[in-house]
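Remarks on the structure that follows.
Note that the numbering runs from 1 along the sequence shown for the chain. All values derive from a computational prediction rather than experimental measurement.
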Amino acid sequence: MRTNGRKQGALNATAKFVATPEGTALAYGSLVFMALLPIFFGALRSVTCSKSKNAADMPETITSRDAARFPIIASCTLFGLYLFFKVFSQEYINLLLSVYFFALGVLALSHTMSPLMTKVFPASFPNKQYQLLFTQGTGESKEEIVNYEFDTKNLVCLLISSVVGVWYLLKKHWIANNLFGLAFALNGVELLHLNNVSTGCILLGGLFVYDVFWVFGTNVMVTVAKSFEAPIKLVFPQDLLEKGLEASNFAMLGLGDIVIPGIFIALLLRFDVSLKKNSRTYFYSSFLAYIFGLGLTIFVMHTFKHAQPALLYLVPACVGFPVIVALFKGELTEMFSQTPSQPIHFLNPVLTRVMESHFTV
């Protein structure tokens, strides 16, 4: 995970853009703010999602076995991408990735917008119901392959999301990138659930080691981050004040540094709810810890002028703060003995990619 600016387009070999203090502060402040949005709202939506009785809305649950394997899978994927970019043309790979993430981004953004559209549309709006059904076989052997129910509001969300997707495909504009990135992050926090705090500690601990190794130990993550063009990061221009919306020198924040701590923070919110004390102590303590950890990452990076593995700071903060609170409240045993939810032993490929993305150079 890294944070730094990258000048896109033609560069003068002898000239290098130097961001103003105001531009730098605006860029990193905006990234922090954007990072907090999917964590906060995704955590709130994860509570509703966990109570859903609709099979289509059920979250995917990460077990301790999944958590232990994920850093290994992520390392293999990262190194595979490194070899891929070394062997094949970067242009064609990123073209395929653009089409792939266009489809996924449209669906993610549509799902994110759906609750908002429900409130925006008036009650008198003619909201018709539809069903997309695809079956295999006939008679008693008939088997449902796809059974998706949607309504007119969902179609409107899909249309708006498609417009953003076309904008991203044609222009690769940073605002379109951020809309997709925020949608991916919010969906990740909402739909990926840790089954208990112990699993969260295993996942964050493993990815802590993964992040530090690939950032400080090799140039693999740097190479992949520079080559990989997809909306798996949030970006904000440091030269916005000088160039407006056409600015091109970006500070970047990988979605992995939002989703990975975010699913742990969402777990603590669900733990708060399970205590039935009308308190959100663990959620707010971990949320503030995330702000502290991300701020510390940016401070160290800016001070030493060197890319930093964000999880080096985020993991101790997001895990340590709530544990200390639990010790003071005498609820540490209860926190770690939380009843696990029903596991689903697979991870959505979109969310997997999100979790593997990091700060880019």
Side-chain angles (χ1 to χ4, degrees), residues 1-3 60-105 107-108 177 180-181 183-185 187-189 191-194 199-200 202-235 252-264 307-312 314-315 343-361:
M1 300 174 193
R2 300 169 174 39
T3 139
E60 297 187 16
T61 305
I62 303 175
T63 65
S64 57
R65 184 179 179 183
D66 297 325
R69 291 187 303 180
F70 192 82
I72 300 173
I73 296 172
S75 295
C76 293
T77 303
L78 181 67
F79 190 66
L81 285 171
Y82 172 78
L83 296 178
F84 220 70
F85 280 113
K86 287 291 185 181
V87 174
F88 298 100
S89 170
Q90 178 179 328
E91 179 182 354
Y92 294 115
I93 295 174
N94 281 318
L95 178 61
L96 291 173
L97 289 173
S98 294
V99 175
Y100 176 67
F101 278 97
F102 162 78
L104 298 179
L107 294 175
N177 174 92
F180 273 174
F184 281 138
N187 276 273
V189 175
L191 300 174
L192 267 180
H193 288 195
L194 295 161
T199 298
I202 293 172
L203 178 67
L204 268 65
L207 289 174
F208 172 92
V209 176
Y210 157 88
D211 202 27
V212 172
F213 172 77
W214 288 111
V215 170
F216 289 145
T218 72
N219 72 332
V220 171
M221 193 177 284
V222 174
T223 304
V224 172
K226 287 181 177 179
S227 306
F228 201 91
E229 293 184 6
I232 58 170
K233 55 186 177 290
L234 299 180
V235 300
M252 305 181 187
L253 174 65
L255 299 190
D257 299 316
I258 301 172
V259 176
I260 293 167
I263 60 177
F264 186 76
Q308 298 293 314
L311 292 186
L312 176 63
L314 290 173
V315 169
I344 303 176
H345 296 286
F346 58 88
L347 291 177
N348 183 292
V350 186
L351 301 178
T352 301
R353 170 58 53 214
V354 166
M355 292 179 71
E356 290 167 0
S357 65
H358 299 284
F359 275 112
T360 54
V361 176

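- For F213, the CZ atom sits in a packed shell: over 12 heavy atoms of surrounding residues, nucleotides or ligands are nearer than 6.0 Å.
- Across P231 and F180, no two heavy atoms sit closer than the pair CB-CB, 3.8 Å.
- When all heavy atoms of T199 and I62 are compared, the pair lying nearest together is CG2-O, 3.5 Å.
- For the pair M221/L78, a side-chain contact is recorded, criterion being any heavy-atom separation below 4.5 Å from C-beta on.
- We find the OG-CZ distance between S64 and R69 to be 10.0 Å, quoted to the nearest 0.5 Å.
- Each of L311, V315, L314 was evaluated against L204; a single residue qualifies, V315, per the side chain to side chain contact (heavy atoms under 4.5 Å, CB included) test.
- Considering all non-hydrogen atoms of both residues, L97 and E229 come closest at CB-O, 4.3 Å.
- Separating the CZ atom in F79 from the OG1 atom in T223 is a distance of 10.5 Å, to the nearest 0.5 Å.
- A donor-acceptor pair under 3.5 Å links the side-chain atoms of N177 to the main chain of K233, judged by distance alone.
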side-chain contact (heavy atoms from CB on, under 4.5 Å) between F184 and V259, worked out: CA-CA 9 Å; F184 281 138; V259 176; over 6 Å; no
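- Taking every heavy atom of both residues into account, F85 and I93 meet most closely at CE2-CG2, 3.8 Å.
- Atom CG of L253 is separated from atom CG of L234 by 5.5 Å, given to the nearest 0.5 angstrom.
- The two atoms that bring A310 and D211 nearest to each other are N-OD2, 3.5 Å, heavy atoms only.
- Under the 3.5 Å distance criterion, the side-chain polar atoms of D66 are matched with a main-chain donor or acceptor of T63.
- A108 approaches N187 most closely through the heavy-atom pair O-ND2, 3.1 Å.
- In this structure, CZ on F88 lies 10.5 Å from CG on L83, to the nearest 0.5 angstrom.
- Interatomic distance, CD1 of I232 versus CZ of F101, reported as 5.5 Å (0.5 Å rounding).
- Separation of atoms OG1 (T61) and CD1 (I263) is listed at 10.5 Å; rounding is to 0.5 Å.
- Between R65 and F70, the closest side-chain pair of non-hydrogen atoms is not below 4.5 Å.
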